Protein chains: 2
Amino acid sequence: MNPIPEPSVERLLILARLLDRLDVQFITSGEIEARTGWSSNTIRKDISYLEGSFASPAGYDREKLSGAIKTALGLDKPQRFCVVGLGRLGSAYLNYPAFAEEGYELVAGFDSSVNRIEILRSPVPLYPAYKMAEVISRFQISLALLCVPPEEAQHATDRLVAAGIKGIINFAPVVLQVPEGIQVRNVNVVDELRAISATIQCS
Amino acid sequence: MNPIPEPSVERLLILARLLDRLDVQFITSGEIEARTGWSSNTIRKDISYLEGSFASPAGYDREKLSGAIKTALGLDKPQRFCVVGLGRLGSAYLNYPAFAEEGYELVAGFDSSVNRIEILRSPVPLYPAYKMAEVISRFQISLALLCVPPEEAQHATDRLVAAGIKGIINFAPVVLQVPEGIQVRNVNVVDELRAISATIQCS
DNA sequence: CGGTGTGAATCTATTCACAGCA
DNA sequence: TGCTGTGAATAGATTCACACCG
C-alpha cells in the first residue's frame, strides 16, 4: 500500500459518502467541484492515488470509483467496535442500527458500574469495565467509542490501549494521551462551534 | 487580525482545551509536546502567531496563554445558535447545559412539524420551520446545529443560508452545498470510524 | 542554563498546464 | 472536443538551528 496524503484521505472519505448518495452513472471532476468546493484539479489528483481506472469520456463511473475508494481506504473490511461508558450518550449508541450497514459491528459495551450493566436492556452484550482487556482481545475489537465522563477518560483510554485497541473516538472534552500508532478522533459539539467561530474570526 | 494558518488554528483550539483543564501555573512547550504529540517547535510556532507575551523562564503562563488563544480565535465573544430538526438528536441538545458555560447560547429550535413543536417541552423557544428567516435575523443567530434527516438536510441548509447563518454543524451523512464563506463542519460517528479505518490502512 | 521566538531550509500539498485518450 | 492523468511549478506548513532573554 502507498501512503496517500492525509488531506487526500479526508477528501476521499467525504467523496465516497457523496457518491453513494448520488443517482447517476457517471460524474466528472467538474461536477464534484460544484458539489464540494474542492477544485477539479485537487479531485483528479486525489483519485490518481487510487489504483485502477474508472474514467470514461463522460467522467468517472460512480460505482467503480466509490468501490475503489473503499478498497484503498480499507472501508471494505468489516470492523468490530465497542462502547465504553454507558451513560446517556453511550447507551444511545447501543441501539443505533446504522453501524451494521456501514460494516461496523458493535459487539460489546463496558461500564464501571455493574449496577448499570444489569439494569440496561441492550441487544449488545454488556460487561463490567474490568473485563475490557479480556473481551477486546477475545473478539478482536479494533475500535472504541469513548463515552465516559471527562475525569475518567484518560484512565479508560489507558485500559483500552493496554487491551490492544487500534483507534478511539473520544467524546470527552479532554486531550487524550496515547502512544504513537493509536488513532484518536475527537467528537464534541462545543469544539465544533469553537472551530467555526475561529474560522470566521481568522478569515 | 492576521491570517493564522488553518492547521495552527485547529491545534490552538485543542491547546486551549488542554490548558483549561490543567492545574499548573506554567507549562513549557516540551510539556505540551508530551501531552499532545505535536513537536515543541510546532507549538512554539503556533503560539508565535498570537500577540503578546506569556513566556517566562519556567515556560508559558497557563492562564494568560489560554486567554490569548481565546481572544485571537474569537472564542471570547459569546455567540447565539439554534437547533434545526427536533428528532432524537436535536431535542437532546435543547436540554444540554454545557453550551452556556462555553459562551454559546441556544436561543431557538426549529422543526417542520408543528405538532412536534407543540408537544416538546423545552427551556428554549421552539418555532415552525417557516419562521426560520425571521427568527434568525431577529435574534442575530450566527450558528446552527443541523439535525434533520438526510433527505431534508440540503433544503434546510438553503433556508439557513438565506436567513444569513454564518456556520452550520451538520449531523446528517450528506455533503452540503453552501456558498463560499459559510462554514460547515460535519459530525458523524460513522465517518469518524471510517477515518480511523482509513488512517490505519494507509499508514 | 532552560526556556522562548524566529528566519532559513526542508518537506508536503495544491495548483497549473498540457499531453493523451476515447 | 471534453474529459482524465500527471510531471513541473507554486504555495504552504513543518522542522531545524541558533540568537536571545531572564
Side-chain angles (χ1 to χ4, degrees), chain A residues 2-15 19 22 24-69 72-73 180 195 198-199 202-203, chain B residues 2-15 19 22 24-69 72-73 180 195 198-199 202-203:
Chain A
N2 44 350
I4 301 179
E6 244 286 318
S8 296
V9 170
E10 298 281 335
R11 283 191 299 267
L12 287 168
L13 284 164
I14 296 173
L15 180 54
L19 294 173
L22 233 52
V24 297
Q25 185 168 8
F26 296 105
I27 187 166
T28 69
S29 56
E31 286 160 352
I32 299 172
E33 169 169 355
R35 286 174 179 276
T36 61
W38 313 319
S39 87
S40 65
N41 290 307
T42 303
I43 291 156
R44 291 205 303 281
K45 183 67 106 185
D46 288 347
I47 292 174
S48 77
Y49 295 123
L50 309 174
E51 259 128 67
S53 180
F54 342 93
S56 82
Y60 299 100
D61 183 304
R62 182 184 62 81
E63 212 156 320
K64 277 191 200 151
L65 178 54
S66 164
I69 294 173
L73 302 188
E180 198 165 353
T199 311
C202 294
S203 61
Chain B
N2 43 350
I4 302 178
E6 243 287 317
S8 296
V9 170
E10 298 282 334
R11 282 192 300 267
L12 288 168
L13 284 165
I14 296 172
L15 180 54
L19 294 174
L22 233 53
V24 298
Q25 186 167 7
F26 297 105
I27 186 167
T28 70
S29 55
E31 287 160 351
I32 299 173
E33 168 168 355
R35 287 175 180 274
T36 61
W38 313 318
S39 88
S40 65
N41 289 308
T42 303
I43 291 156
R44 290 205 304 280
K45 183 68 105 183
D46 287 347
I47 292 174
S48 78
Y49 295 123
L50 308 173
E51 258 129 67
S53 179
F54 341 95
S56 83
Y60 299 101
D61 182 304
R62 183 184 61 80
E63 210 156 322
K64 277 191 200 150
L65 178 53
S66 163
I69 293 174
L73 302 188
E180 199 165 350
T199 310
C202 294
S203 62

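Labels below follow one simple rule: chain letters A, B, ... track the order of the sequence lines, proteins then strands, and each chain is numbered from 1. The model shown is predicted, which means the values in this text are computed figures rather than measured ones.
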* **Nearest-0.5 Å distance, CD1 of residue A:Ile32 to CZ of residue A:Arg62** => 11.5 Å
* Validation row: B:Glu31, B:Val24 side chains within 4.5 angstrom (heavy atoms) -> no
Expressed as a whole number of angstroms, how long is the span from [X]:[atom1] to [N]:[atom2]?
X	N	atom1	atom2	result
A:Glu10	C:dT14	CD	P	11 Å
A:Leu12	C:dT14	CG	P	11 Å
B:Glu31	C:dG2	CD	C1'	12 Å
B:Leu65	C:dG3	CG	C1'	14 Å
A:Ile43	D:dG5	CD1	P	13 Å
A:Gln25	D:dC3	CD	P	17 Å
A:Glu51	D:dT4	CD	P	20 Å
A:Leu50	D:dT4	CG	P	14 Å

* To do: Report yes if a side-chain nitrogen or oxygen of A:Ser48 is closer than 4.0 Å to either non-bridging phosphate oxygen (OP1 or OP2) of D:dG5; otherwise report no.
  => no
* Quick one: side chain to side chain contact (heavy atoms under 4.5 Å, CB included) partners of B:Ile14, sequence neighbours excluded? -> A:Val175, B:Trp38
* Contacts of type side chain to side chain contact (heavy atoms under 4.5 Å, CB included), residue A:Glu33, not counting sequence neighbours -> A:Ser40, A:Ile43
* To do: Could you run through nucleotides 8-22 of chain D and give me one letter per nucleotide, 5' to 3': B if any protein heavy atom sits under 4.0 Å from the base, S if only the sugar-phosphate is that close, - if neither?
  => B----SSBBB-----
Can you give me every donor-acceptor pair (side chain of residues 49-56 of chain A, partner residue at least two apart or in another chain, under 3.5 Å) with its distance?
from, atom 1, to, atom 2, distance (Å)
A:Ser56, OG, A:Ala58, N, 3.0
A:Ser56, OG, A:Gly59, O, 3.3

* Asked: Within a radius of less than 6.0 Å around CD of B:Glu10, do more than 12 heavy atoms belonging to other residues, nucleotides or ligands occur?
  -> yes
* Structure fact -> Applying side-chain hydrogen bond (donor to acceptor under 3.5 Å, both in side chains) to A:Asp46 and not counting sequence neighbours gives A:Ser8, A:Arg11
* Partner of A:Ile69 under side chain to side chain contact (heavy atoms under 4.5 Å, CB included), chosen from A:Leu15, A:Ile47, A:Val9 -> A:Leu15
* Looking only at atom types and distance, does a side-chain atom of A:Thr199 sit under 3.5 Å from a main-chain N or O of A:Ala195, one as donor and one as acceptor? -> yes
* Asked: End-to-end bend of the helix from C:dC1-D:dG22 to C:dA22-D:dT1 (five-pair axes, 10° rounding)?
  -> 10°
